[in-house]
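Small disclaimer: the values here were computed from a predicted structure and weren't measured. Any value given below was found using the heavy atoms of this structure, including those in side chains, with hydrogens, waters and symmetry copies removed. Positions are given from 1, in the same order as the sequence printed here.
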Amino acid sequence: MNIYAIVILFTLLIGYALDLLSGVLCLRSLHDEPPEELKDVFDPDRYRKSQEYTRVRTRFGFVTSTFALVLILVFWLAGGFNLLDEWIRRFHWPELLTGMVYIGALAVGQAVVRLPFSLYSTFVIEERFGFNKTTWKTYAADLVKGLSLSVVLGVPLLAAVLWFFDAAGTLAWLYAWATVTAFTLFVQYVAPVWIMPLFNKFTPLQDEELRTAILNYARSVHYPLKDILVMDGSKRSAKGNAFFTGWGRNKRIALLDTLLGKYSAGELVSVVAHEVGHYKLRHIIKGALLGILHTGVIFYLLSVFLTHAGLFDAFGMERTSTYAGLIFFGMLYAPIEMVLSIGLNALSRRHEYEADRFSLETTGSGEALAAALKKLSAHNLTNLTPHPLNVFLNYSHPPLRDRVRALRTTPAP
């Protein structure tokens, strides 16, 4: 076992151990009573249900992560990567096609293995707690659409990346970076009008009073909002949310239909104000720039390690190839990715506080947003007392209690 194998194995085990530890600590952090400031929306029955939901989801996470770790170790140590490569090479296809089939086979295998866990999560756990609204027909349709999009969009992009590293020499990483960046920006631009409608219906908000209130708010902060869209999230889940997507003239703010009728106009305006805050404070642009920079670093490091024979020896490969190197480098890069994800989550939590403050400052009060967040948390059975380690490792949003306290301690304008 060479240094590459040791680093990858160590990363797999450390990542698993941290997830296990943070999950155990979260279970031990569950309290018998909700925090005092949240008792108005979490009655005893609702709170007990949220605690049980946290326990069930955390323990299910233990099962899925353990299975995933065992599976990758068995496949790796049994020489699965090399056996698959040698089998595909028997067809004597061109190198590019061989690579596409190799990566595709691994991706399909991974999807097949994950499918039972996804089904159990959706139709057992989410069903048990009253969240699941997905029918078997919708679930199957989502799988087909997702696979089709992967083929239509992902296959050409993967082919381009493999071709660059096979044929473009020392600047291959730069060409791949530029191509992936252009592709990502294009997809983000067209997603609200071409891709997302494949999965959900988006219709103009019909509540005239609410629509007028939101549009008036948007005008007051000089946000160019043409209309408010409602997404039929209830066809899959009873959980509520709102989100910002797209850029340029295709940017959208959408409310899930599960929010309507459960929140006052002031509360929903404050939620929209939070989403507008992400745009006005340039969080979207900052995130995109960080993503582009991150992609460039990945491709540069890939160009450095792609030809290292030791990387292929670590997986028992008889022959080197760009396509296998792409897979193995992804596993080697995992420690850096882990550290970066912690930093990006910390930045995301900071952005959430800033967007909350923007909502407070532009609506004149933080109480409406605090009330909306509390209702949303109660409806979604959020864990109110996550352990700090879990927050540090995994949370892109601050815990509810911290957000509510920040809103209430920030003076109104």
Show me the pairs that pass salt bridge (Lys or Arg N to Asp or Glu O under 4.0 Å) and involve residues 127-138, at least two apart or across chains. E52-R128
Can you list every salt bridge (Lys or Arg N to Asp or Glu O under 4.0 Å) pair that touches residues 179-200, not counting sequence neighbours? none
Would you call [X]-[Y] a salt bridge at under 4.0 Å N-O?
X: D356; Y: R403; answer: yes
X: K374; Y: D40; answer: yes
X: D207; Y: R211; answer: no
X: D43; Y: R46; answer: no

Identify the two heavy atoms, one from [X] and one from [Y], that lie closest to each other, and give their separation to 0.1 Å.
X: T382; Y: F42; result: O-CZ, 4.3 Å
X: A254; Y: F202; result: CB-CE2, 4.1 Å
X: V7; Y: P335; result: CG1-CG, 4.3 Å
X: P398; Y: E352; result: CD-CB, 3.6 Å
X: W76; Y: A314; result: NE1-O, 2.9 Å

Side chains of [X] and [Y] in contact at under 4.5 Å (non-hydrogen atoms):
X: N216; Y: V269; result: no
X: L27; Y: R55; result: yes
X: L215; Y: I228; result: yes
X: E95; Y: R89; result: yes
X: D85; Y: Y323; result: yes
X: F164; Y: L174; result: no
X: V161; Y: T322; result: no
X: L347; Y: L290; result: yes

Only pairs under 3.5 Å count here: list side-chain donor-acceptor contacts from residues 98-112, not counting sequence neighbours, and write none if there are none.
from : atom 1 : to  : atom 2 : distance (Å)
T98  : OG1    : W93 : O      : 3.3
T98  : OG1    : P94 : O      : 3.1
Y102 : OH     : F81 : O      : 3.0

Can you list the residues that meet the ring pair (Phe, Tyr, Trp, His ring centres under 6.0 Å) rule with [X], with sequence neighbours excluded?
X: H278; result: H274, H283
X: F329; result: Y333
X: Y279; result: Y223, F244

Between D142 and K145, does a salt bridge (charged side-chain N to carboxylate O under 4.0 Å, His left out) hold up when you go through it step by step? CA-CA 5 Å; D142 285 347; K145 292 174 185 177; 5.0 Å; no
So, the side chain of [X] versus the backbone of [Y]: is there a donor-acceptor pair under 3.5 Å, distance only?
X: H308; Y: V304; result: yes
X: H397; Y: Y395; result: no
X: N345; Y: L393; result: yes
X: T138; Y: T134; result: no
X: T363; Y: S359; result: yes
X: S348; Y: S396; result: yes
X: T385; Y: S29; result: yes
X: S237; Y: K239; result: yes
X: K375; Y: E267; result: no
X: R349; Y: V391; result: yes

Taking side chain to side chain contact (heavy atoms under 4.5 Å, CB included) as the test, write out the residues that go with Q206, two or more places apart. P204
Hits for side chain to side chain contact (heavy atoms under 4.5 Å, CB included) against T64, two or more places apart or cross-chain, chain-then-number order -> F60, F117
Say you draw a straight line from [atom1] of [X] to [atom2] of [Y]; how long is it, rounded to the nearest 0.5 Å?
X: L360; Y: S270; atom1: CG; atom2: OG; result: 10.0 Å
X: S321; Y: L326; atom1: OG; atom2: CG; result: 9.5 Å
X: K235; Y: L256; atom1: NZ; atom2: CG; result: 12.0 Å

Is there a donor in the side chain of [X] and an acceptor in the side chain of [Y], or the other way round, less than 3.5 Å apart?
X: T122; Y: R236; result: no
X: N2; Y: D313; result: no
X: T181; Y: T184; result: no
X: S65; Y: D19; result: no
X: Y217; Y: T362; result: yes
X: Y120; Y: E126; result: no
X: Y16; Y: T66; result: yes

For residues F328 and Y4, establish whether the separation of their ring centroids is below 6.0 Å. no
Compute the centroid of each ring, for F165 and then for W173, and state whether the two points are separated by less than 6.0 Å. no
Tell me if the [atom1] atom of [X] is crowded by more than 12 foreign heavy atoms within 6.0 Å.
X: F123; atom1: CZ; answer: yes
X: K201; atom1: NZ; answer: no
X: F392; atom1: CZ; answer: no

Tell me every residue that passes side chain to side chain donor-acceptor pair (under 3.5 Å) with [X], counting only those two or more places apart in sequence or in another chain.
X: S234; value: D257
X: D402; value: none
X: S118; value: Y139
X: T54; value: none

Just do the side-chain contact (heavy atoms from CB on, under 4.5 Å) check on L210 and L260 with the steps written out, would you? CA-CA 10 Å; L210 177 58; L260 303 182; 4.1 Å; yes
Test log, rule side-chain contact (heavy atoms from CB on, under 4.5 Å), inputs S121 and R57: CA-CA 9 Å; S121 175; R57 292 241 58 115; 2.8 Å; yes
